[in-house]
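Presented below is the structure to which this report refers.
Just the heavy atoms: all of them, side chains too, but no hydrogens, waters or symmetry mates, feed the values below.
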Amino acid sequence: MSTTEKHATEEGRAGFLAIELDGAGWDGGDFASLAEAVLAAESAGFHAATFADAPVAGRTNALQRAAYAGPVTRTIALVPEVDTVHTEPFHVSTQLASLDYVSGGRAGWIATAAESPEAAAAVGRSNVTGAALAQEAAASIEVSRRLWDSWEDDAVIRDVATGRYIDVDKLHYADFETPADFAGTGYSVKGPSIIPRPLQGQLPVLAAASLVGEGQVSADSVDAVLVTAPTPELLAAEVRDVRARVGASVAVIAELDVVLDSRGQPAVERQIGFDGGRARYAGTAAGLADLLESLLVEADGVRLHPASLAVELDELSRLVLPELRRRGALRAPVLDGTFRDLLGLGRPASRYADLSAAIAAGN
């Protein structure tokens, strides 16, 4: 086996790490700025940064924060949470497409659907509960995917001689309507989008594994699922169960809260008051490296939720990520790569490209 083939094989087995930057908003949290926080994560070797959409006074929303981080970074994927229940699907689609442009193709979307009477009241709609939440998510994802495809890749022609900026035959109607059994207020989206096709063609869509499955969001609609468990010991088994349920084409990302021994203070003391509701590791950096190595055998990636972004990130960058790379468990970040590249996804053709070809052939 050549050195190149050996490297490719090792990279194929190696996983990736994401980090949640919640707490590093406009006021910086433990950092002077959001830019400083995301650059620190990128410099540490994280492959993706996620942004929670929890309302915090004085802080911009997750998608806006990710867009701010786009031009200042080069390798790290930027993946905001964007709600599918209380936001207009057309606007979600176009804003995410814009994020893909400002990040150079490193954007993704964590599609969320949570009950929130406060959010419902704020936008003047009835509260959505139960199975209707998954219906809202599935519809919003489908609208975005159709709109991203509504401009073919070569729709922008910039033809000076004829004064045409776009080839209108390469733009298509999305023609979406909510299904008859839609529990909420039905709607339709005509399209096309107001923004050219994203650099990645289709942004990777992530969702909680609990939202994906029969009668919910179809596994075919998402590119990755986020998996959690009550304890670290149960997490690997849950990853295996979810992978069997969603199929091999969907990436599986384990969720883990992290509290590390740091600066002379043991994790057992530092974790007091920290409850993310996920499997939690509290202990030494060496122990975390062992746990992550074992998790990355089962999962494609792991998203870490640090108790303190600045404190944990310092330990992670010095002691954990370098050790995982030394063991061959962690792939190297790729300069100017896309989020689809990270997930092992090819760039898809527009679903409407065959229609255009057929029309052209008929002429």
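For the pair Leu288 and Val258, the minimum side-chain heavy-atom distance is below 4.5 Å. Glu152 is listed as a side-chain neighbour of His172, based on a closest heavy-atom distance under 4.5 Å. Annotation: side chain of Val85 is not in contact with side chain of Ser116 (no heavy-atom distance under 4.5 Å). Contact check for Lys170 versus Tyr352: no side-chain heavy atoms found under the 4.5 Å cut-off. Contact of the Pro230 side chain with the Arg278 side chain is not registered, since no non-hydrogen atoms from C-beta on lie closer than 4.5 Å. Taking 4.5 Å as the limit, every side-chain heavy atom of Val302 sits out of range of all side-chain heavy atoms of Phe16. Residues Glu81 and Thr50 fail the side-chain proximity criterion, which asks for heavy atoms closer than 4.5 Å. When side chains are defined from C-beta on, Thr112 does not count as touching Thr84, because their heavy atoms never get closer than 4.5 Å.
Side-chain contact annotation: Thr73 with Glu42, donor-acceptor N/O pair under 3.5 Å absent. Between the side chains of Glu315 and Ser262, at least one donor-acceptor pair of N or O atoms lies under 3.5 Å. Using a 3.5 Å distance cut-off with no hydrogens or angles, the side chains of Arg145 and Gln202 do pair a donor with an acceptor. Judged by distance alone, the side chains of Trp148 and Ser193 never bring a donor and an acceptor atom under 3.5 Å apart. Between the side chains of Glu136 and His86, no donor-acceptor pair of N or O atoms lies under 3.5 Å. No side-chain N or O of Arg340 forms a donor-acceptor pair with one of Thr338 less than 3.5 Å apart.
Within the 3.5 Å criterion, the main-chain N or O of Asp22 finds a donor-acceptor partner in the side chain of Glu20. Panel note: side chain Gln200, backbone Ala107; a donor-acceptor pair is recorded below 3.5 Å. Under the 3.5 Å distance criterion, the side-chain polar atoms of Thr94 are matched with a main-chain donor or acceptor of Phe90. At distances below 3.5 Å, at least one donor-acceptor pair connects side-chain atoms of Ser150 with backbone N or O atoms of Leu147.
Within 6.0 Å of CD in Glu177 there are 12 or fewer heavy atoms belonging to other residues, nucleotides or ligands. Few gaps surround CD on Glu115; more than 12 heavy atoms of other groups in view lie less than 6.0 Å from it. Heavy-atom contacts from other residues, nucleotides or ligands closer than 6.0 Å to CD of Glu269 number more than 12.
Between Asp300 and Arg331, none of the side-chain N atoms (NZ, or NE/NH1/NH2) sits under 4.0 Å from a carboxylate O, so this pair counts as no salt bridge. Here Arg270 pairs with Glu312 in a salt bridge; the nearest charged N to carboxylate O distance falls below 4.0 Å. The existence of a salt bridge linking Asp100 and Arg197 is excluded, since no basic side-chain nitrogen approaches an acidic carboxylate oxygen closer than 4.0 Å. Comment: Arg347 engages Asp153 in a salt bridge, judged by a side-chain N to carboxylate O separation of less than 4.0 angstrom. For Arg351 and Glu142, the salt-bridge test passes: some basic side-chain N is under 4.0 Å from an acidic carboxylate O. Ion pairing between Asp241 and Arg245 fails under the 4.0 Å rule for side-chain N and carboxylate O.
Minimum interatomic distance between Leu99 and Gly108 (heavy atoms only, all atoms of both residues): CD2-O, 4.4 Å. Across Phe182 and Ala139, no two heavy atoms sit closer than the pair CE1-CB, 4.1 Å. Closest non-hydrogen pair, Leu78 versus Ala69, comes out as CD1-C, 3.8 Å.
No continuous path of ILVMFWY side-chain contacts below 4.5 Å connects Val225 to Leu343, so the two sit in separate hydrophobic clusters. No single ILVMFWY cluster, assembled from side-chain heavy atoms under 4.5 Å apart, contains both Ile253 and Val242. One hydrophobic cluster holds both Val246 and Trp109 under the rule that ILVMFWY side chains link at heavy-atom gaps under 4.5 Å. Residue Ile76 is grouped with residue Tyr68 when hydrophobic side chains (ILVMFWY) are merged at heavy-atom distances under 4.5 angstrom, including chains of intermediate members.
The aromatic rings of Tyr187 and Phe176 are tilted relative to each other, their planes meeting at an angle between 30° and 60°.
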Carefully, step by step, assess Asp257 and Arg303 under the rule salt bridge (charged side-chain N to carboxylate O under 4.0 Å, His left out).
-> CA-CA 9 Å; Asp257 287 346; Arg303 178 166 69 147; over 6 Å; no
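Separation of atoms CG (Leu296) and CG (Leu292) is listed at 6.0 Å; rounding is to 0.5 Å. In this structure, OG on Ser249 lies 9.0 Å from CG on Leu345, to the nearest 0.5 angstrom.
For the side chain to side chain contact (heavy atoms under 4.5 Å, CB included) with Leu316, the qualifying choice from Leu17, Val311, Leu304, Leu324 is Leu304, the only one to do so.
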